[in-house]
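Please read all numbers here as calculations on a predicted model, not as lab measurements.
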Amino acid sequence: MDRLLDSLFPSAENIPETWRLGAPLEQRDYLVNGELKRWDGPLATVRSPVWLKEGTEERQVLLGSAPLLDADTALTALDAAVQAYDKGRGAWPNMRVAERIQHVETFLARMREQRQAVVKLLMWEIGKNLKDSEKEFDRTCDYIVDTINALKDLDRRSSRFELEQGTLGQIRRAPLGVALCMGPYNYPLNETFTTLIPALIMGNTVVFKPAKFGVLLIRPLLEAFRDSFPPGVINVIYGRGRETVSALMASGKVDVFAFIGTHKAASDLKKLHPRPHRLRAALGLDAKNPGIVLPQVDLDNAVEEAVTGALSFNGQRCTALKILFVHEDVVEAFLDKFQRKLAALKPGMPWEPGVALTPLPEPGKVDYLDGLVADAKAKGAQVLNEGGGHSRGSFFYPALLYPVNHDMRVYHEEQFGPLVPVVPYRDLQTVIDYVLDSDYGQQLSLFGNDPATIGSLVDTFANQVGRININAQCQRGPDTYPFNGRKNSAEGTLSVHDALRVFSIRTLVATRFQEANKALISEIIRNRQSSFLTTDYIF
Ligand code: G3H
C-alpha cells in the first residue's frame with residue numbers, strides 16, 4: 001500500500017498534455033442582468049483534490065480563485081431576476097413556449113462547445129474520473145434535450161380546450177416567479193442543471209449559485225448564459241452561502257428554492273424566508289441507502305452491484321449504498337468476493353485510463369473518515385481489506401468495515417466517501433427496523449431471488465423510500481424516472497417530466513360554453529391576441 005500511495009500523485013510533467021493546466025485561473029466574473037460583471041472584492045482560493053510531486057514533496061494544486069460576493073452584490077442579482085420576472089409581466093414569463101425553447105436550444109449549442117473545458121475542470125476540481133466527467137457532461141446535455149421534448153409534449157396537450165359540465169377551459173402551466181438554484185459538489189453540473197433548466201424553460205427567472213466545489217467549471221458557460229437569454233433571466237453569483245444565499249432568502253423575494261445538499265442547510269435557509277407559504281422547494285438531501293443481501297441470492301451479482309453502488313465516485317453520490325446488511329449465511333462469501341473486487345479497482349488520477357478511485361475534494365474529509373474508522377474499530381469492527389483506510393493527502397483508500405453494529409457512528413452517519421460498513425444479520429426484522437427508524441428515506445437495494453421474501457419486503461419498504469432496487473444498486477437514472485425521497489432525504493419529485501411541474505403551476509382560463517363566449521375565444525385565437533389562449537401546436 002505504501003508503494004501504491006507513493007506513486008499515486010504524479011509530477012506535473014507526467015500529466016497528459018490534453019489535461020495539463022495553465023496558470024491558476026483568477027475568476028472574478030459573475031453574471032447579473034445580462035452583463036458579466038467584475039468583482040474587485042475578496043476571492044476564495046480554489047484548490048484541487050489532486051496533489052503533485054515537486055521534488056521530494058507533494059503539494060496540493062492551486063486551481064485559481066472565485067469571487068466571494070457580499071450580500072449586497074448577491075442582492076443585485078436577485079433584483080435583476082425580480083425585475084425580469086416583473087411580477088409575472090416580464091417578457092420571459094410571457095414568452096410563447098416555442099420561443100423559450102429556442103433560447104434553451106441556443107444555450108445548449110453553446111454549452112456543447114465547452115465540453116472539453118468543463119470536463120477538464122470536473123476532473124481537476126472534484127476529482128471525478130474522465131469517463132464519469134464526460135458522462136456527467138453528456139448526460140446533462142441529454143437531460144436538456146429530453147426536457148425540451150417533454151415540454152413540447154406538455155404544451156401540445158395544453159394546446160387543446162376541454163369541456164366539462166358546460167365549462168370550456170384551457171389549462172396551461174405558468175411559471176412561479178424567481179427561482180434560486182443551488183447544486184451539490186458531487187454533480188456540480190448535472191444536478192444543478194436538472195433544476196436550473198426546467199426552472200428557466202417554464203418561464204421563471206433564476207439566480208444560480210454554483211456548488212462549493214466545481215465552481216470554476218461554470219465559468220466557461222457564463223458567456224453562453226449571457227448570450228442565450230434575455231437580461232436578468234439567468235444570473236450567476238458566487239460566494240459563501242451564509243453571506244449570499246441567506247440574504248436572498250431573507251429578502252422574501254425567492255419564490256422557488258431548488259437546493260441539493262444537507263437537510264440542515266436546507267431547513268436553515270427555508271426558515272429565513274419571511275413568507276414560507278409562498279416558497280416552493282425542490283430539495284435533494286441526505287441519504288443513507290442500505291443494501292440488503294438476503295440468504296438466497298446471486299452473490300456474484302450482489303457483490304458486483306454493491307461494489308459500484310458503494311464506491312463509484314468514491315462513494316460520493318447521494319444515491320450510493322452507504323450501509324450493507326448481509327445475512328449471516330452468506331456474509332463470509334460476500335466479504336471475500338467483495339474484497340477481491342475492491343482490490344481490482346484502480347486508484348489514480350482522474351484522467352488515467354480505467355481509474356476508479358481518486359482523491360477527495362472536501363478539505364478535512366480524510367480526517368473525518370479516519371474518525372469513523374477509529375470509532376468503528378474501537379467498538380469491535382475491523383478493516384478487512386488490505387490497505388483499507390490508508391491515506392495520502394486527499395486520497396483515502398476504501399475501507400471495508402466489518403462487523404458493524406448499532407453503536408458505531410458509521411451505522412448512522414452518511415459517510416459520503418469510500419467507507420463500506422457491513423452489518424451481519426440473522427433476523428430480517430432488525431434490518432426492517434433500521435429502515436423504519438432511519439431519518440432518511442431515499443432508496444434501498446434488495447439482493448435476493450426468493451419471490452416470497454422479495455415480494456413481502458417490497459410491500460414493507462414501499463412506504464419508506466422513494467425507490468426500491470431489486471438486484472441492482474441504487475441510482476438516480478434513467479432521468480425520466482421519478483427521483484425523490486421521504487423523511488430527511490428530499491422534498492418534491494424530480495424527473496424530466498416532474499421537474500417541469502415542480503417549477504410551474506397549472507392555470508386555468510375558463511368560460512361558460514355559450515355562443516358569445518365561444519365567439520370571443522375563437523376571435524382571440526384567430527387574431528393571436530394571447531400567448532396563453534392559443535391552439536398553436538409545437539412540432
Ligand atoms: O448524488 C446524487 C445523484 O443524484 C445520484 O445520481 O445515481 O446517477 O449517481 P446517480
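- At distances below 3.5 Å, at least one donor-acceptor pair connects side-chain atoms of Asn301 with backbone N or O atoms of Asn471.
- Atom CG in Leu122 sits 11.5 Å away from atom CG in Leu216 (nearest 0.5 Å).
- In Lys487, the NZ atom is crowded: over 12 heavy atoms of neighbouring residues, nucleotides or ligands sit closer than 6.0 Å.
- Side-chain atoms of Gln473 and Asn469 form no donor-acceptor pair, as typed in the model, at a separation below 3.5 Å.
- With values rounded to the nearest 0.5 angstrom, Ile197 atom CD1 is found 11.5 Å from Leu500 atom CG.
- Of the options Asp146, Asp479, Asp132, a salt bridge (charged side-chain N to carboxylate O under 4.0 Å, His left out) to Arg139 is made by Asp479 and by none of the others.
- The neighbour count for Arg426 CZ, taken as heavy atoms of other residues, nucleotides or ligands under 6.0 Å away, is above 12.
- Distance check: Ile148 CD1 to Ile201 CD1 gives 5.0 Å after rounding to the nearest 0.5 Å.
- Crowding of Arg486 atom CZ: a count of heavy atoms from other residues, nucleotides or ligands under 6.0 Å exceeding 12.
- Interatomic distance, CZ of Phe9 versus NZ of Lys53, reported as 8.5 Å (0.5 Å rounding).
- One finds the CG atom of Leu121 at 9.5 Å from the CD1 atom of Ile218 (value rounded to the nearest 0.5 Å).
- Formation of a donor-acceptor pair under 3.5 Å by the Arg317 side chain with backbone atoms of Cys474 is found in this model.
- Without hydrogens or angle criteria, Arg172 side chain to Arg506 main chain gives no donor-acceptor distance under 3.5 Å.
- Put simply, the side chain of Ser495 does not reach to within 4.5 Å of the side chain of Tyr481, judged on heavy atoms.
- Taking a cutoff of 4.0 Å between a charged side-chain nitrogen and a carboxylate oxygen, Asp6 and Arg392 qualify as a salt bridge.
- Classification of the Phe338-Phe334 ring pair by plane angle, with boundaries at 30° and 60°, yields tilted.
- Of all heavy-atom pairs between Ala376 and Met408, the closest is O-CE, 3.6 Å.
- Remark: Lys128 qualifies as a cation-pi partner of Phe313 under the 6.0 Å distance and 45° angle criteria applied to the six-membered ring.
- Listed here is the closest heavy atom pair of Pro210 and Tyr238: CG-CE2, 3.7 Å.
- Of all the heavy atoms in Ala320 and Gly315, the pair that sits closest is CB-O, 3.7 Å.
- Without hydrogens or angle criteria, Gln60 side chain to Ser48 main chain gives a donor-acceptor distance under 3.5 Å.
- Among pairs with a residue in residues 289-300, those fulfilling salt bridge (Lys or Arg N to Asp or Glu O under 4.0 Å) read Asp300-Lys337, at least two apart in sequence or across chains.
- Using a 4.5 Å heavy-atom threshold, the side chains of Asp255 and Asn204 count as separate.
- Of all non-hydrogen atoms in Thr507 and Ala174, the two that sit nearest each other are OG1-CB, 3.5 Å.
- Proximity of a side-chain donor or acceptor of Arg467 to a complementary backbone N or O of Gln475 within less than 3.5 Å is detected.
- The closest donor-acceptor contact from the side chain of Ser7 to the backbone of Leu4 lies under 3.5 Å.
- For the pair Leu189 and Leu221, the minimum side-chain heavy-atom distance is below 4.5 Å.
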Next item on the list: Quick one: do Ile454 and Leu294 satisfy side chain to side chain contact (heavy atoms under 4.5 Å, CB included)? Show the steps, please.
Entry: CA-CA 9 Å; Ile454 296 283; Leu294 298 161; 3.6 Å; yes
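- Under a 3.5 Å cut-off, the side chain of Lys365 and the backbone N or O of Phe416 do form a donor-acceptor pair.
- Neither side chain, Gln442 nor Lys288, offers a donor N or O lying under 3.5 Å from an acceptor on the other.
- The local environment of NZ in Lys346 is crowded, with over 12 non-hydrogen atoms from other residues, nucleotides or ligands closer than 6.0 Å.
- If you check the side chains of Tyr434 and Gln429, you find no donor sitting under 3.5 Å from an acceptor.
- A salt bridge links Arg476 with Glu191: at least one charged nitrogen is closer than 4.0 Å to a carboxylate oxygen.
- In Arg156, the CZ atom is crowded: over 12 heavy atoms of neighbouring residues, nucleotides or ligands sit closer than 6.0 Å.
- One finds the OG1 atom of Thr147 at 12.0 Å from the NZ atom of Lys152 (value rounded to the nearest 0.5 Å).
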Next item on the list: For the pair Val245 and Met182, evaluate side chain to side chain contact (heavy atoms under 4.5 Å, CB included) and give the outcome as yes or no after the intermediate values.
Entry: CA-CA 9 Å; Val245 182; Met182 297 168 68; 3.7 Å; yes
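- With hydrogens and angles ignored, the 3.5 Å screen pairs no side-chain donor or acceptor of Gln114 with any backbone N or O of Val118.
- Tyr185 and Glu362 share a donor-acceptor pair across their side chains, judged by distance under 3.5 Å alone.
- Open room surrounds CZ on Arg47; 12 or fewer heavy atoms of other groups in view lie less than 6.0 Å from it.
- Ion pairing between a basic and an acidic side chain is recognised when a charged N comes within 4.0 Å of a carboxylate O; Glu491 and Lys270 show such pairing.
- Annotation: side chain of Leu419 is in contact with side chain of Val410 (closest heavy-atom distance under 4.5 Å).
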Margin query: Could you walk me through whether Phe483 and Asp498 satisfy the side chain to side chain contact (heavy atoms under 4.5 Å, CB included) test, starting with their C-alpha distance in whole Å, then the side-chain angles of each, then the deciding distance to 0.1 Å, before giving a yes or no?
Written below: CA-CA 9 Å; Phe483 179 54; Asp498 287 301; over 6 Å; no
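- Taking 4.0 Å as the cut-off between side-chain N and carboxylate O, Arg173 and Asp155 do not count as a salt-bridged pair.
- Looking at Tyr368 and Glu413, their side chains come closer than 4.5 Å, going by heavy atoms from C-beta outward.
- The minimum heavy-atom distance between Val254 and His273, with the atom names listed, is O-NE2, 2.8 Å.
- The number of heavy-atom neighbours closer than 6.0 Å to CD of Glu332, taken from other residues, nucleotides and ligands shown, is 12 or below.
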Item checked: Met349 vs Trp19, side chain to side chain contact (heavy atoms under 4.5 Å, CB included): CA-CA, chis, key distance, verdict -> CA-CA 11 Å; Met349 295 301 103; Trp19 305 121; over 6 Å; no
Under 3.5 Å, sequence neighbours excluded: what are the donor-acceptor pairs made by side chains of residues 380-389?
residue	atom	partner	partner atom	Å
Asn385	OD1	Leu400	N	2.9
Asn385	ND2	Pro398	O	2.8

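- Distance alone, capped at 3.5 Å, places no donor-acceptor pair between the Ser394 side chain and the Pro361 backbone.
- Heavy-atom neighbours of Arg157 CZ from other residues, nucleotides or ligands within 6.0 Å: above the threshold of 12.
- A donor atom on one side chain and an acceptor atom on the other are found under 3.5 Å apart for Thr140 and Asn190.
- Within the 4.5 Å cutoff, the side chain of Leu324 has no heavy atoms near those of the Val293 side chain.
- Ring-centre distance between Tyr411 and His406: below the 6.0 Å cut-off.
- In this model, no donor atom of one side chain and acceptor atom of the other lie less than 3.5 Å apart for Ser445 and Asn289.
- Taking the six-membered ring where the residue is Trp, the centroids of Phe193 and Tyr143 are separated by 6.0 Å or more.
- Residues Val61 and Trp124 form a side-chain contact, since some pair of their non-hydrogen atoms from C-beta on lies under 4.5 Å apart.
- When all heavy atoms of Gly214 and Pro188 are compared, the closest pair comes out as O-CB, 3.8 Å.
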